J.: 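Sending over a structure as structure tokens; questions will come in a sec.
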Protein chains: 4
Amino acid sequence: MTRQKPVKRPADEGKMSSENREKILTTALALFTERGFFGTPTSLISKEAGVATGTLFFYFPTKEELIDTLYRRIKSEAAQEMCRGFDTEKTAQSKIRCLGINAVVWGIQNPAKLKFMEQFAYSPFVSTTAHEEGMSHFHFLRNLVEEGIREGAIRDTDPSLLFCMMASSLSGLIAQASGTADPAEREKIIKEGLDFIWNGLKA
Amino acid sequence: MTRQKPVKRPADEGKMSSENREKILTTALALFTERGFFGTPTSLISKEAGVATGTLFFYFPTKEELIDTLYRRIKSEAAQEMCRGFDTEKTAQSKIRCLGINAVVWGIQNPAKLKFMEQFAYSPFVSTTAHEEGMSHFHFLRNLVEEGIREGAIRDTDPSLLFCMMASSLSGLIAQASGTADPAEREKIIKEGLDFIWNGLKA
Amino acid sequence: MTRQKPVKRPADEGKMSSENREKILTTALALFTERGFFGTPTSLISKEAGVATGTLFFYFPTKEELIDTLYRRIKSEAAQEMCRGFDTEKTAQSKIRCLGINAVVWGIQNPAKLKFMEQFAYSPFVSTTAHEEGMSHFHFLRNLVEEGIREGAIRDTDPSLLFCMMASSLSGLIAQASGTADPAEREKIIKEGLDFIWNGLKA
Amino acid sequence: MTRQKPVKRPADEGKMSSENREKILTTALALFTERGFFGTPTSLISKEAGVATGTLFFYFPTKEELIDTLYRRIKSEAAQEMCRGFDTEKTAQSKIRCLGINAVVWGIQNPAKLKFMEQFAYSPFVSTTAHEEGMSHFHFLRNLVEEGIREGAIRDTDPSLLFCMMASSLSGLIAQASGTADPAEREKIIKEGLDFIWNGLKA
DNA sequence: TATGAATGAGGCTTCATTCAT
DNA sequence: GATGAATGAAGCCTCATTCAT
């Protein structure tokens with residue numbers, strides 16, 4: 001008898017993702033983005049996912065819980081993607097630029113996920129716990145701004161404000177960049193958008 | 001074929017024209033921002049507005065139409081407020097700054113209306129006609145950006161992009177500024193936020 | 001001062017038919033035939049008639065009463081039309097044939113009224129009083145059948161049955177005859193239909 | 001987002017397949033004939049059928065669809081009953097008589113179904129598709145009439161007309177025959193009614 | 001694990017009717 | 001007589017959720 005160290009599962013996404021569970025999540029994401037949380041009955045999700053009504057509620061005791069799960073998953077994925085190639089950067093400035101590019105690229109390549117998160121963020125009903133928890137992934141960005149200020153690269157102002165302005169500008173930039181299919185054009189938009197942001201930030 | 005016998009209403013309701021219509025709109029705005037479109041039954045709106053269910057549907061054939069009406073009204077009000085004291089400004093730069101201040105002030109003073117518009121903007125179901133119609137109020141802003149470019153005050157880039165970045169930054173700024181109650185602090189945030197934006201825009 | 005004998009008004013249709021009252025009745029007939037009793041809101045009737053909601057209820061305290069009035073009016077008109085040129089006929093046979101023709105002609109020329117009466121006859125909800133009262137107009141037909149039997153022209157059978165068979169055959173004939181626009185064709189159908197009926201009745 | 005907590009149902013409902021569906025149909029038929037389509041709320045149907053509101057709509061997405069289903073079912077049943085013992089008859093005449101008897105007997109024994117069909121036939125709102133589909137069951141009757149004409153037993157006239165007159169006469173006969181409870185009397189009425197029809201048809 | 005029939009509270013909307021003007 | 005805003009009971013239908021199999 002072989003003993004195995006039970007693998008430490010990251011708190012939330014533990015339930016050994018069965019195939020059905022994944023199908024449900026994928027389908028739900030697509031439908032929620034197209035039709036909104038309230039325009040999407042759970043019955044439709046299960047039908048499109050090819051499972052029974054009961055199956056959905058086996059994995060997610062509540063519609064709300066399904067939404068939350070999706071939110072947490074996407075948020076953490078986004079945070080992760082945002083850090084790609086982060087360690088190799090040296091200055092705060094280059095880190096921030098790297099992060100901005102990552103964010104924009106991710107947003108363009110995952111429009112459904114982005115739309116989902118926006119919808120979630122602006123829906124007055126959803127569980128606020130998930131909301132706050134989601135934000136926590138981005139605290140490192142705050143730190144980064146503070147670091148930039150100490151380095152003298154970023155203006156010495158309330159880091160919260162800078163963080164917030166930066167985040168909202170990025171979301172505008174993604175929206176704009178998603179509007180073109182042409183890669184050259186897109187490249188240009190991204191470059192200039194990031195310039196806008198950096199000019200706003202720099203000392 | 002008989003339905004009901006309405007109770008005699010107390011004669012204290014000497015209402016002029018569409019007082020009721022206004023009460024409904026006001027109540028709806030408050031409830032929608034608190035509880036969301038879908039968390040707010042029409043029955044609750046009419047109850048809180050102090051009118052009968054039928055009255056709501058007398059003025060707005062559909063819940064959706066009520067929402068749309070609210071949207072159009074707020075959007076046009078916002079556009080109007082944004083232009084306050086606009087004509088006295090000479091340069092594109094001062095105009096844009098004036099406009100920014102107006103936007104932030106309006107946002108801070110009308111949090112419910114702002115929240116409503118955000119919710120509306122990010123709800124995948126709502127009538128797109130109202131959406132587009134709403135945007136039309138802000139075309140003058142695009143023109144303003146173009147004017148600034150011609151003047152040489154704003155950098156020569158895709159005005160759409162600049163407009164979009166500016167708008168999203170402003171919304172972030174409002175959110176941040178709404179966080180403080182202290183007027184001095186708020187003043188400072190606004191000033192620095194507008195600096196951020198202007199630095200992003202300027203040539 | 002001239003005294004005038006107040007004209008004796010026939011019990012029901014007394015209310016000095018105002019123009020509005022007539023417009024309402026006419027409109028209601030058209031709408032009921034097209035859309036059914038329940039598919040026709042009183043609000044639609046008054047709108048199409050060009051009067052206010054309240055006006056309809058001024059003349060007809062109830063929707064049901066409006067329907068009944070229409071029914072009584074049409075039924076009595078139909079009965080009257082059925083007797084056209086009746087007195088000049090001598091034998092029961094010729095009387096019956098005359099009546100049959102009248103019925104068919106009226107039915108073809110007043111399809112809306114016919115449809116209304118059928119709908120009324122087969123609606124389980126409508127006031128039965130109007131139902132029975134309507135039938136009273138046709139008692140003379142029963143008498144006619146009995147007369148024919150005494151004359152030896154009609155088979156000696158339960159007159160109720162004969163009356164009933166005759167009536168239902170006539171309604172079938174009208175339906176069939178209404179199907180053609182061509183007058184010659186129609187003439188032929190009517191002739192043969194009446195033959196069918198007379199062959200069924202005769203001794 | 002939570003709705004309700006269903007009570008534990010007593011385990012006495014070991015239902016096979018769509019027992020509920022049948023209960024709904026049966027109950028609906030009874031109620032519709034008593035109170036009319038519009039006098040019968042779906043809520044009353046489900047209550048009387050002993051099922052939940054949702055159950056009705058699980059089986060019939062619409063009230064109209066429930067009515068249609070009922071119509072189609074009854075119509076096809078009636079058509080089937082009308083052909084009982086049909087094959088053993090040799091001549092068109094005997095076939096028609098057989099069919100007439102079958103029709104009358106079915107009508108007398110199924111007054112609710114008959115009333116339902118009449119109500120359906122004269123309701124201006126109902127789906128015309130079901131209407132036409134229902135009629136298709138009776139095309140063989142048309143053929144029968146044509147056969148009789150070729151045999152020389154039926155007079156040589158538009159078969160559509162004859163079919164139509166026959167059908168309407170039959171419906172009158174059923175109504176009349178249903179009026180008596182006395183079997184001898186009833187027998188007599190049927191016989192004489194069929195004579196009426198045959199005399200109308202024969203060459 | 002999976003299924004899907006069953007539940008029933010609750011949502012949106014309709015419409016006959018009233019009544020103050 | 002005429003108007004039409006106001007009423008509110010009641011109708012149809014949706015949908016998150018349960019549970020026996």
Side-chain angles (χ1 to χ4, degrees), chain A residues 18-21 38 40-47 51-64 66, chain B residues 1-9 11 13-15 17-21 38 40-47 51-64 66, chain C residues 18-21 38 40-47 51-64 66, chain D residues 1-9 11 13-15 17-21 38 40-47 51-64 66:
Chain A
S18 85
E19 203 180 313
N20 278 343
R21 192 168 188 272
F38 289 93
T40 309
T42 54
S43 60
L44 182 60
I45 299 173
S46 46
K47 192 205 284 177
V51 303
T53 351
T55 305
L56 189 154
F57 285 92
F58 174 75
Y59 287 112
F60 309 97
T62 297
K63 186 184 185 182
E64 199 176 334
L66 167 58
Chain B
M1 251 159 145
T2 324
R3 288 294 175 80
Q4 85 283 13
K5 20 210 87 191
V7 186
K8 192 156 275 170
R9 282 164 300 151
E13 289 288 30
K15 46 194 60 138
S17 78
S18 350
E19 201 180 310
N20 279 344
R21 192 170 189 273
F38 290 95
T40 309
T42 54
S43 60
L44 181 61
I45 299 175
S46 47
K47 192 204 285 179
V51 303
T53 347
T55 305
L56 190 155
F57 287 93
F58 177 75
Y59 288 110
F60 308 96
T62 302
K63 187 184 184 181
E64 195 177 334
L66 168 58
Chain C
S18 86
E19 204 180 312
N20 278 343
R21 193 171 188 271
F38 289 94
T40 309
T42 54
S43 61
L44 181 60
I45 299 174
S46 47
K47 192 206 285 177
V51 303
T53 351
T55 307
L56 190 153
F57 285 92
F58 175 75
Y59 287 112
F60 309 96
T62 297
K63 186 184 185 182
E64 197 175 336
L66 168 58
Chain D
M1 250 158 144
T2 323
R3 288 295 176 79
Q4 87 282 11
K5 20 210 87 191
V7 187
K8 193 157 271 168
R9 285 165 298 153
E13 291 286 31
K15 44 195 60 143
S17 77
S18 349
E19 201 180 309
N20 279 344
R21 193 170 189 271
F38 290 95
T40 309
T42 54
S43 60
L44 182 60
I45 299 174
S46 47
K47 192 204 286 178
V51 303
T53 347
T55 305
L56 191 154
F57 287 94
F58 177 73
Y59 288 111
F60 308 96
T62 302
K63 187 183 183 182
E64 195 177 334
L66 168 59

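So that the names make sense, note that chain A is the first sequence line, chain B the second, and so on, each numbered from 1. Bear in mind that the values here come from a model prediction, so they are computed numbers and not experimental data.
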J.: Strictly by Watson-Crick or wobble contacts shorter than 3.5 Å, is anything paired with dT3(F), and which nucleotide is it?
T.: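 Partner of dT3(F): dA20(E).
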J.: Whole angstrom is fine here: how far is it from CD1 in Ile45(B) over to P in dG8(F)?
T.: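 Going from Ile45(B) (CD1) to dG8(F) (P), I get 18 Å.
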J.: Return the nearest nucleotide to the side chain of Thr55(A); candidates are dA16(E), dA2(F), dA2(E).
T.: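 Of the candidates, dA2(E) comes closest.
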J.: Closest-nucleotide mapping onto DNA chain F: is Thr53(A) or Ser43(D) further toward the 5' terminus? I mean the 5' end.
T.: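 Counting from the 5' end, the first nearest nucleotide belongs to Ser43(D).
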J.: Return the minimal non-hydrogen interatomic distance between Thr55(D) and Asn20(D), and the atom names on each side.
T.: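 Scanning both residues completely, I find the closest heavy atoms to be CG2-ND2, 4.1 Å.
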J.: Rounded to the nearest 0.5 Å, what separates atom OG1 in Thr53(A) from atom CG in Leu44(A)?
T.: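 Between atom OG1 of Thr53(A) and atom CG of Leu44(A) there are 12.0 Å.
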J.: Would you check, one step at a time, whether the test side chain to side chain contact (heavy atoms under 4.5 Å, CB included) holds for Ile45(B) with Leu66(B)?
T.: CA-CA 11 Å; Ile45(B) 299 175; Leu66(B) 168 58; 4.0 Å; yes
J.: Please state how far atom CZ in Phe57(C) lies from atom P in dA20(E), giving the value in whole angstrom units.
T.: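 Roughly 17 Å, once rounded to whole Å.
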J.: Would you mind pulling out the nucleotide paired to dT14(E), Watson-Crick or G-U wobble, both distances under 3.5 Å?
T.: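 Per the H-bond distance test, dA9(F).
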J.: Under 4.0 Å from OP1 or OP2 of dT1(E): is there any side-chain N or O of Asn20(A) that close?
T.: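 It does not, given that no N or O in the side chain of Asn20(A) lies less than 4.0 Å from OP1 or OP2 of dT1(E).
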J.: In whole Å, I'd like the distance from the CD atom of Glu19(D) to the P atom of dG4(E).
T.: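 Computing the Glu19(D):CD to dG4(E):P distance gives 20 Å.
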J.: Phosphate oxygens OP1/OP2 of dC15(F): is one of them under 4.0 Å from a side-chain N or O of Thr42(A)?
T.: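 Answer no for this pair, as no side-chain N or O of Thr42(A) is under 4.0 Å from OP1 or OP2.
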J.: Round to the nearest Å and state the distance from Tyr59(C) atom OH to dT3(F) atom P.
T.: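 Rounding to the nearest Å, OH of Tyr59(C) and P of dT3(F) are 9 Å apart.
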J.: Of the candidate nucleotides dC13(F), dT17(E), dC15(E), which contains the atom at the shortest distance from the side chain of Pro41(C)?
T.: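 When the side chain of Pro41(C) is considered, dC15(E) is the closest of dC13(F), dT17(E), dC15(E).
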J.: Nearest to the Val51(A) side chain among dT3(E), dT17(E), dA5(E), which nucleotide is it?
T.: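 Side chain of Val51(A) sits closest to dT3(E).
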J.: Can you tell me how far C1' of dC12(E) sits from NZ of Lys47(B), to the nearest Å?
T.: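 Going from Lys47(B) (NZ) to dC12(E) (C1'), I get 16 Å.
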J.: I want to confirm an ordering. Mapping Phe58(C) and Phe38(D) to their closest nucleotides on DNA chain F, which one lands closer to the 5' end?
T.: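 Closer to the 5' end of DNA chain F: Phe58(C).
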J.: Thr62(C) has a side chain; which of dA6(E), dT17(F), dT17(E) sits nearest to it?
T.: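 Given the options dA6(E), dT17(F), dT17(E), the side chain of Thr62(C) is closest to dT17(E).
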J.: Looking only at atom types and distance, does a side-chain atom of Lys63(C) sit under 3.5 Å from a main-chain N or O of Phe57(C), one as donor and one as acceptor?
T.: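 No, the answer is negative, given that no donor and acceptor are paired below the 3.5 Å cut-off.
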J.: Tell me: NZ of Lys63(A) to P of dT18(F), nearest whole Å?
T.: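 Value for this atom pair: 15 Å.
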J.: Both Thr40(B) and Leu56(D) contact DNA chain E. Which one's nearest nucleotide lies toward the 5' end?
T.: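 Nearest-nucleotide comparison on DNA chain E picks Leu56(D).
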J.: Please check if the side chain of Ser18(B) supplies one atom and the backbone of Arg21(B) the other of a donor-acceptor pair under 3.5 Å.
T.: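 Judged by distance alone, no pair lies under 3.5 Å.
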